[in-house]
Amino acid sequence: MKKQVEQWVSSALERLVAEAVLNSGARGPVVVERARAGHGDFATNAALVNSKAAGMKPRELAERLVEALPASELVERVEVAGPGFINFHLSAAAWRSVVPEILEKSHHYGRSDIGRGKKVQVEFVSANPTGPLHVGHGRGAAYGAAVADLLEAVGFEVHREYYVNDAGRQMDILATSVWLRYLELAGETLDFPSNGYQGDYVWDIAATLHREHGDDYRHAADEVFQGVPPNEPAGGDKEQHIDALIGRAKTLLEDNRYRYVFELALNTILDDIRDDLEKFGVVYDQWFSERTLVESGAVNRAIERLRKGGWLYEKDGALWFRSSEFGDEKDRVIERENGQTTYFASDIAYHMDKLERGFDRVIDVWGADHHGYVPRVKAALKALGDDPDKLDVLLVQFAILWRGGEKVPMSTRSGEFVTLRQLRKEVGRDAARFFYVMRKCEQHLDFDLDLAKSQSSDNPVYYIQYAHARVCSVLRQAAEKGISVDPTPGDTNLDRLAEGHELALLKTLSRYPEVVEAAALNEEPHQLTHYLRELANEFHTYYNAHPFLVEDDALRDARVKLILAVRQVVRNGLGLLGLSAPEQM
RNA sequence: CCGCCCCUAGCUCAGCUGGAUAGAGCGCAGCCCUCCGGAGGCUGAGGUCAGAGGUUCGAAUCCUCUGGGGCGGGCCA
């Protein structure tokens, strides 16, 4: 509907240009938008932004534009208002046409091809595989998945990816933690490092190792801790302590056995994460391993490209990247004194690889605590000669859980965090997916667990899903009463839709494609959650005001078609957010 | 100290990228409805858009400064 109005406006503008009233070179941005109450259905600022180019007052130009508009029976009247807005009042027939459109397009209603098949990669979650996902990752998961689905809905070719940090020191700490727990299970007594991974899942992996391999990996605790500097509580440095332990693990287990423990830990956790996300309705096209970047030589290739560009230098025995030349605060190390490349080096290679794969656009969904990282990655892309504007980083703020009016304490360090799995179990997948995307990403999220669980109209998830179930319920009721319902999308009888509630619903239904488009292009799923709540509200209001299964065949047919359209749109919207549309609740 | 983000009704938040009289839910006050699912509906009160300047026909929206809050600032990931 909006597109239709936009066409009328632009054709009127063309006409004035042809008549030399307007200078074609100096046209400002013309916007057509949904008008607010009292200003018709759509409004455009076309006359305001072009008045200078036309050399006449805005209202005067507006009158000329109105005269130049093509005639249509969908328009009731057009008026000039305020400083020079043009307001369109559409006929009821125009709005009614949305019902057959929805019923015909069915689950395609709201989809479009404005993305023109451009390739977009969305990388999200990408949590280190050193433990189960927690509720912080959950928001990134729900947000990234929704953005990806929305972009796909408007015609982009979307590639969903999880970057697996399987090459860093954290993984060594994990493997060593598992081994130490295994030693304890095997009967050794030792002081577990304060910097090691404390969670129960580490015990679980250790138990698997012990169950399947008995004492094969056992070494005496004294031997393990031989020459290891003291831990922090004992007056030492915890980092040096854990690094020394990693060294001992590698020495004592030797390559292949260490590798085995490492892989066991990695794969167990990765499988768990994959399973967790799948049950959350989040599925990836690719799990991209950091290690393959190193092995394929991509990291070295990235470094070489930077070196050729003259963006590298050596200082204090390390290799530095001149990121400050490209807007970063300071230069960054990409290869350490000990010859190891940094995490940042991998990330440069990874983003280089993304663009080499031909994506027109790359979206990273990161936790907001990584925001300082954005300038250096963009700097690297610039230095490599790539276009940094192809990369869009969405920084997702933390979610704070509330239960019983109090913050749920979460300290990631001690392993005392709420896992995504626990959250799912407590509030269910649908509520979790919805609540996570209710706010735009840069907004802190207050996640009210009690509200998410409550089965009341205060809970937006239930309110919306109930609208869907209620339509289904009406249809069941009709079937019980032996009332036949015509499911064909024709427009017969629709002229019986004349109530104010019905007109309001029609207008809201017609807005859905615009909402999906805006939510997708702005990467803001919350626009869709707000819309769905509004639609549900209008439906419930309508339900309370008017009976649908009336005696009058034609009227009943029209109303049933309308609520079928509502059901379809609710279902489509929930689907894009990864929620189910239950037939009864 | 520096950088990024946030500040809109009592609370939680929208505000369609510069438009007309700033909106919704909860809460509060009052009222209606017992009908296809009461897991309702209607009305009302409630605002210096954190503050001050600036940009222009026009600012919650863009720019600068100030205040408050969050998060960062490793040869960690």
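Each chain gets a letter, A, B and so on, in the order its sequence line appears, and its residues count up from 1.
Comparing B:A20, B:C71, B:G37 by their closest approach to the side chain of A:His371 singles out B:C71. In this structure, the nucleotide among B:G15, B:U12, B:G37 sitting nearest to the side chain of A:Glu524 is B:G15. The nucleotide whose nearest atom lies closest to any side-chain atom of A:Glu442 is, among B:G41, B:C5, B:A77, B:C5. Ranking B:A20, B:G41, B:A14 by closeness to the A:Arg439 side chain, first place goes to B:A14. Comparing B:A77, B:A14, B:G37 by their closest approach to the side chain of A:Ala469 singles out B:G37. Side-chain atoms of A:Arg336 lie closest to B:A77 of the nucleotides B:A77, B:A20, B:G37. Side-chain proximity of A:Ser473 to B:G70, B:G37, B:A77: nearest is B:G37. Here the side chain of A:Asp446 is nearest to one of B:C13, B:A14, B:G37, namely B:C13. Side-chain proximity of A:Lys330 to the nucleotides B:C76, B:C75, B:G73 is greatest for B:G73.
The distance between the ring centers of A:Phe548 and A:Tyr542 falls below 6.0 angstrom. A:His89 has its ring centre no less than 6.0 Å from the ring centre of A:Phe42.
Among the heavy atoms of the strands lying under 4.0 Å from A:Ala43 is at least one base atom, whether or not backbone atoms are also near. Among the atoms of the strands shown, base atoms are found under 4.0 Å from some heavy atom of A:His370. Residue A:Met438 is out of contact with every strand shown, counting any heavy-atom pair closer than 4.0 Å. The residue A:Gln443 sits close only to the backbone: its heavy atoms come under 4.0 Å of sugar-phosphate atoms, none of a base.
Under the Watson-Crick and G-U wobble criteria, each requiring two contacts below 3.5 Å, nucleotide B:G58 is left unpaired. With a 3.5 Å ceiling on both atom-pair distances, the Watson-Crick or G-U wobble partner of B:G3 is B:C71. The partner of B:C49 cannot be assigned: no Watson-Crick or G-U wobble pair with both contacts below 3.5 Å exists in any strand. Searching all strands for a Watson-Crick or G-U wobble partner of B:G37 with both distances below 3.5 Å returns nothing.
Residue whose closest nucleotide on RNA chain B sits further toward the 5' end, between A:Ala518 and A:Tyr542: A:Ala518. Taking for each of A:Asp369 and A:Phe344 the nucleotide of RNA chain B with the nearest heavy atom, the 5'-most of the two is the partner of A:Asp369.
For A:Glu538 and A:Arg533, the salt-bridge test fails: no basic side-chain N is under 4.0 Å from an acidic carboxylate O.
Interface remark: the A:Thr541 side chain does not form any donor-acceptor pair with the B:G41 base, using a distance-only criterion of under 3.5 Å.
The aromatic ring of A:Tyr466 sits over the base of B:A39, with ring centres less than 5.5 Å apart and planes inclined by under 30°.
Here the C1' atom of nucleotide B:U21 and the CZ atom of A:Phe85 are 13 Å apart, to the nearest Å. For the pair A:Trp366 CH2 and B:C71 P, the interatomic distance rounds to 20 Å; values are reported in whole Å.
Shown are A:Phe344, A:Tyr162, A:Tyr163; of these, the ring-ring contact (aromatic ring centres under 6.0 Å, His included) with A:Tyr350 is made only by A:Tyr163.
Using a 4.0 Å cut-off on heavy atoms, the residues of residues 546-554 of chain A that approach RNA chain B are A:His546, A:Pro547, A:Phe548, A:Leu549, listed by number.
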